[in-house]
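Each remark here refers to the structure printed beneath this line.
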2 protein chains.
Amino acid sequence: MSAQDDTTTQTPDEGTGPRYARIQKILESRLRDGTYPVGSLMPTEIELAAEFDTSRFTVREALRHLTETGFVERRQGLGTRVISTEPQMRYSQTFDSLQELFQVAVETYYVVMHTEEVVLDKALAEVVGGKAGETWTRVEGVRWTEPGGRPLAFIESYVPARFAKYVPEFQGHQGAFFSLLESHSAVPIDECEQEISAAPMPEKAQRYLGLAPGAIALQLLRRYHSSEGVVIASCNWHPAEQLSYKMHIKRNRGQG
Amino acid sequence: MSAQDDTTTQTPDEGTGPRYARIQKILESRLRDGTYPVGSLMPTEIELAAEFDTSRFTVREALRHLTETGFVERRQGLGTRVISTEPQMRYSQTFDSLQELFQVAVETYYVVMHTEEVVLDKALAEVVGGKAGETWTRVEGVRWTEPGGRPLAFIESYVPARFAKYVPEFQGHQGAFFSLLESHSAVPIDECEQEISAAPMPEKAQRYLGLAPGAIALQLLRRYHSSEGVVIASCNWHPAEQLSYKMHIKRNRGQG
DNA sequence: TCGCGGTAAATGTATGGACATTAATGGCAG
DNA sequence: CTGCCATTAATGTCCATACATTTACCGCGA
């Protein structure tokens, strides 16, 4: 309700383009100016439809775009929660496809090199998404094109203690861990954060992968979440020449 | 129409979950087995609705998911074109937001270090998305936090000859090039490909950025496309410690 | 031959309604 | 106090329908 800067009268009737796009712009401006604070629930579809004098369908289109753009998160039975006041790289995907999306894990084989229990210190807890003092299992391994084939990546994985009993299953597993853990423990995995960065290849990884000192790695840190927290955190080191991340960003037509 | 492997009878009535999801799975399997080849047009919404004995709305939901997953591309007046037989990292976004998405370019300043004309050889043509033999302008520069501030990245940009006249505008520009080119030339930019990889920091970049030899870079190759082809290709080298790419991948609830 | 305009066909936008599914809530029984 | 259950409210799914907008295409005229 700030009186300043109100050149944008809050009606979807001005401007051009589809109505849902105009409503979307209004809602975005409200998100930015704090009308709908982060963490709060936005008005319901019915309320917004009434406010903008339009149908629920049109409001849903606007909200769908806000979801795809990473501003809000919607849950059946709950509502529309504000998660950001600016767009995010957020990628929505069905689960089976998600597994295929992480190309490297599919049709490749994992070999466990080393396993140990660790108590999380503060720094490690932050990385894996756990709490300091908890006991987790740390697994070192290498992913291969095929058993006895060419090594692809060095992987360090962390799982909470309650999943430790499934770790032996990792040995020789084809595919991603998270699907294995999910099927064995019946804990559904809802989302995954991924952080891509560049880093020197760790010394141990150089040995396992047969690389010269000074090798460069594309480093992928992934945290797989169930509703109760992180189920697996893994850090993958891929030789820089062997992996790159391609994205295709497409402009929505007609919204200039 | 392969007779083998036909455990999936092609009706959406089996299985559980929403009907559009079942239809989506059937369509995905057809994409994979070549029933709808890459480059071809899929049946229209009306035809699919008739085949699956459902409404156009439900078919649209299935196709919307295929679009978000990167299998197909839809154009009003044309149809649904198959662009891939497996899911892709495809990110749809409005344009204003896209600029914000490429965080680094916003509220930073670009300084041109060097400009020259180059004739594309075959390898370079492939990288920038042009044709061998064409003349492009190559621009070297550095992006800074503020004029005279801290250097953030070394950037090598290529623009086709017809845009060369706008290159002087790059000097001291705040924001991304593509928005500058777009506003000056009135050529709308539809999409952007991005490839993220790890690489050694080029020697020239080490000098410009004041880094020690052996520094590691997160390398971003971007191609901005208009309908007529690549408008800008740029390769950015960021010090590995200063940049990472975070993604949030969310599972569609209720599709196990 | 070239360009212009009309037409058909496809997706895009929008309405209004109905019912399903999920999640929080509060009350009741143990 | 705890646990189960009915209620309520929100989004999710689905229908039939209409019109708008974009694109490809064909034919006509200059």
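Note that these values count all heavy atoms, side chains included, but never hydrogens, waters or copies made by symmetry. Every chain is numbered from 1, with letters handed out A, B, ... down the list of sequences.
The salt bridge (Lys or Arg N to Asp or Glu O under 4.0 Å) check on Glu73(A) picks up Arg90(A), with sequence neighbours excluded.
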Enumerate donor-acceptor pairs with a distance under 3.5 Å from any side-chain N or O in residues 126-139 of chain B to protein atoms, sequence neighbours excluded.
{"from": "Glu134(B)", "atom 1": "OE1", "to": "Lys131(B)", "atom 2": "N", "distance (Å)": "3.1"}
{"from": "Glu134(B)", "atom 1": "OE1", "to": "Trp136(B)", "atom 2": "NE1", "distance (Å)": "2.9"}
{"from": "Arg138(B)", "atom 1": "NE", "to": "Tyr158(B)", "atom 2": "OH", "distance (Å)": "3.3"}
{"from": "Arg138(B)", "atom 1": "NH1", "to": "Glu116(B)", "atom 2": "OE2", "distance (Å)": "2.6"}
{"from": "Arg138(B)", "atom 1": "NH1", "to": "Glu140(B)", "atom 2": "OE2", "distance (Å)": "3.3"}
{"from": "Arg138(B)", "atom 1": "NH2", "to": "Glu140(B)", "atom 2": "OE2", "distance (Å)": "2.6"}
{"from": "Arg138(B)", "atom 1": "NH2", "to": "Glu156(B)", "atom 2": "OE1", "distance (Å)": "3.1"}

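dG12(D) atom P lies 10 Å from atom CG of Leu78(A), rounded to whole Å. Across the protein-nucleic acid pair, Leu41(B) atom CG and dA9(C) atom P stand 15 Å apart, rounded to whole Å. Distance Arg74(A) CZ to dT13(D) P: 11 Å, rounded to the nearest Å.
Residue Asp53(B) places its CG atom among 12 or fewer non-hydrogen atoms of other residues, nucleotides or ligands, all under 6.0 Å distant.
A centroid separation of less than 6.0 Å is found between the aromatic rings of Tyr110(A) and Phe177(A).
In the set dA23(C), dA20(C), dG12(C), the nucleotide with an atom closest to the side chain of Gln76(B) is dG12(C).
Contact detail for Thr54(A) and Ile23(A): the closest heavy-atom pair is CG2-CD1, 4.0 Å.
At the phosphate of dT13(D), OP1 or OP2 sits under 4.0 Å from a side-chain N or O atom of Tyr20(B).
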For this session: Step by step, work out the side chain to side chain donor-acceptor pair (under 3.5 Å) result for Gln194(B) and Tyr224(B).
Result: CA-CA 9 Å; Gln194(B) 178 170 259; Tyr224(B) 295 92; over 6 Å; no

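Of the residues in residues 54-64 of chain A, those lying under 4.0 Å from DNA chain D by heavy-atom distance are Arg56(A), Arg60(A).
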